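Computed from heavy atoms alone, side chains included, the values below leave out hydrogens, waters and symmetry copies. Just so we're clear, the structure is a prediction, and the values are computed from it rather than from any experiment.
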Amino acid sequence: MTVIAGKGPTLDPTEVRASARDWLGLVVLAFSVLLISVDATVLDLAMPSISADLAPSSTQLLWIVDVYSFVLAGLLITMGTLGDRIGRRRLLLIGAAGFGIASMIAAWSVSPEMLIAARVLQGISGATLMPATLGLIRTIFVNPRQRTTAIGVWGAMAGGGAAAGPLVGGWLLEHFWWGSVFLINIPVMAVLIIVGPMVIAEAKDPNPGRFDLVSAGLSMLAMIPLVYAVKESVVHGPTIALAAIGAVGVAAGWAFIHRQRTLPNPMLDLSLFSRPAFSTAVLTNLLSVFALSGVLFFGSQYLQLVLGKSPLQAGLLMLPGTAMSVIFSLAAAWLVRRWKPSVVLSIGLAVSSIGAAVMLWLHADGGAGLFIVAFMLTGSGVGVALTLTSDLVVGSVEPERAGAASAVSETAYELGVALGVAVLGSVVLAIFRKGLDVSALGADDAHSAQETLGGAVGVAKSAPDMVGAQLLDSAHLSFVSGMHVAAAATAIILFANAVLVYRMMRSR
């Protein structure tokens with residue numbers, strides 16, 4: 001216990017221990033985060049079934065997959081700040097109800113438009129849930145060690161859920177119809193709505209100031225065009241139109257930053273970024289997810305389209321890496337009790353860098369075992385990084401501002417996902433297209449083959465034997481060459497981040 005002059009005795013945070021009720025609340029929060037993360041990737045495997053049933057156009061198909069992440073990314077800062085004002089638990093319960101309703105609408109959609117609308121509602125609800133859960137953990141777990149452990153559980157569910165999405169989707173689609181990938185959300189959301197008020201205490205900023213609708217609009221106008229532009233550039237290549245859309249996002253982002261500097265009660269306190277621990281943690285969060293999403297993007301294609309594994313087999317081969325990410329997310333709390341966070345975090349990033357480097361030895365004729373090892377190393381380091389960066393972000397601000405800080409961390413996460421797929425995906429596809437031999441194909445088939453690895457495999461299966469075999473070999477070799485370049489770039493980025501973390505945080 002400490003005494004502050006004029007204020008009397010106050011409890012030292014290290015003396016405040018969480019109750020059994022608090023830990024039960026963490027379980028409820030963790031499962032909600034797990035489902036939100038699964039929902040970001042589970043839909044990929046269901047797209048063929050949805051295409052056959054609802055017959056969406058190619059544009060509608062892209063919106064069904066991507067609109068969830070677009071809306072979620074655009075609303076994170078707004079919802080994080082809103083939770084600080086109206087109460088994070090209240091916003092969490094509203095979001096849970098909305099997510100459950102949206103999931104039911106999605107599961108029984110009868111048209112592409114109905115499914116897109118349901119995915120928009122899921123994105124809105126997901127944006128309320130993610131920062132609210134992390135912000136509540138910051139408030140509930142005052143003890144720094146217990147908070148790191150709690151955030152480790154949160155990080156394990158967030159990272160593990162995203163990686164487990166394809167596995168969950170593969171199993172459900174082998175036993176049920178495509179709507180089942182949405183219905184799994186409803187029981188957990190129902191438990192959150194019923195049990196949440198009993199085990200989760202309300203938390204909010206007692207003096208939040210005025211909610212600025214202009215800032216909210218600018219944050220959405222910054223994030224949504226940027227995420228859209230980078231994702232679409234991967235699928236269709238960069239265009240003038242996409243560059244213009246991205247420029248709108250950049251301009252809105254500049255206007256948002258300028259406005260935050262002039263407001264007496266800004267939606268996002270930019271002075272947080274002057275704190276080395278905060279800014280380094282946000283950057284590391286972004287780059288860690290950048291690496292993981294890139295590996296998932298080209299790794300899943302490598303296993304299925306190069307090595308010929310089924311979606312479920314590919315998910316099972318990724319399971320060890322997912323498990324290591326979960327284990328080391330939880331182990332991070334134990335590790336920082338023995339070594340400085342800067343040491344643990346930099347070593348974790350270095351391990352992920354080694355994992356990315358191992359992928360340089362993958363080849364087109366086989367290598368599933370080597371991929372498992374590489375993904376395990378990458379997942380281990382990223383698991384440590386997600387826990388410690390999230391802990392550093394929310395631990396560097398006062399509890400009443402935890403929602404806004406959590407939103408910054410979550411925004412970095414979403415940007416990392418978008419940029420990982422966009423940048424690394426563009427590298428792989430550029431080298432793939434350059435090395436693909438389409439000399440024996442007609443113009444239409446050549447165009448289809450050069451679009452994606454899946455397109456090349458499809459054309460190869462319908463082509464004459466000799467032509468198809470030649471195209472398939474060329475596609476596999478050029479894709480693996482692209483993977484090698486992307487893996488090398490990922491390894492360099494992660495190692496440079498490890499050095500940066502150690503230099504910026506070694507005195508803390």
Side-chain angles (χ1 to χ4, degrees), residues 32-33 35-44 46-47 50 56 59-83 91-92 94-107 109 112-134 158 161-162 165 181-182 185 189 213 215-232 234-235 242 245-246 248-249 252-253 256 267-268 289 293 403 406-422:
S32 65
V33 170
L35 282 183
I36 298 166
S37 301
V38 166
D39 247 60
T41 56
V42 73
L43 195 60
D44 292 341
M47 292 317 297
I50 291 173
T59 301
Q60 289 173 329
L61 203 61
L62 288 173
W63 279 109
I64 289 170
V65 174
D66 290 334
V67 74
Y68 173 81
S69 58
F70 293 158
V71 174
L72 190 148
L75 286 173
L76 279 170
I77 292 177
T78 297
M79 292 302 183
T81 307
L82 184 63
L91 189 64
L92 180 75
I94 293 171
F99 204 84
I101 293 169
S103 297
M104 286 191 288
I105 295 172
S109 292
E113 293 81 5
M114 184 176 176
L115 183 53
I116 291 170
R119 293 286 283 169
V120 169
L121 291 175
Q122 282 190 315
I124 295 171
S125 302
T128 70
L129 292 167
M130 291 297 278
T133 54
L134 188 55
V181 302
F182 297 109
N185 302 323
M189 292 302 160
L213 288 174
S215 293
L218 286 173
S219 69
M220 291 178 61
L221 192 58
M223 286 298 301
I224 293 177
L226 281 174
V227 174
Y228 176 82
V230 294
K231 283 197 169 189
E232 286 293 291
V234 176
V235 179
L242 288 175
I245 292 171
V248 170
F256 175 80
M267 175 175 283
L268 177 61
V289 179
S293 62
S406 302
V408 173
S409 178
E410 288 303 310
T411 302
Y413 183 100
E414 289 300 321
L415 274 177
V417 171
L419 290 173
V421 173

Nearest-0.5 Å distance, CE of residue Met220 to CZ of residue Phe256: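 Here the rounded value is 12.5 Å.
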
Reported CZ-to-CG distance for the pair Phe99 and Leu121, which is rounded to 0.5 angstrom: 10.5 Å

What pair of heavy atoms forms the shortest contact from [X] to [Y], and how long is it?
X	Y	result
Val71	Val120	CG1-O, 3.9 Å
Ala118	Ile105	CB-CG2, 3.7 Å
Ala127	Leu75	CB-CB, 3.6 Å
Asn185	Ser103	ND2-OG, 3.0 Å

Test item: Ser125 side-chain N/O and Gln122 main-chain N/O as donor-acceptor pair under 3.5 Å: no

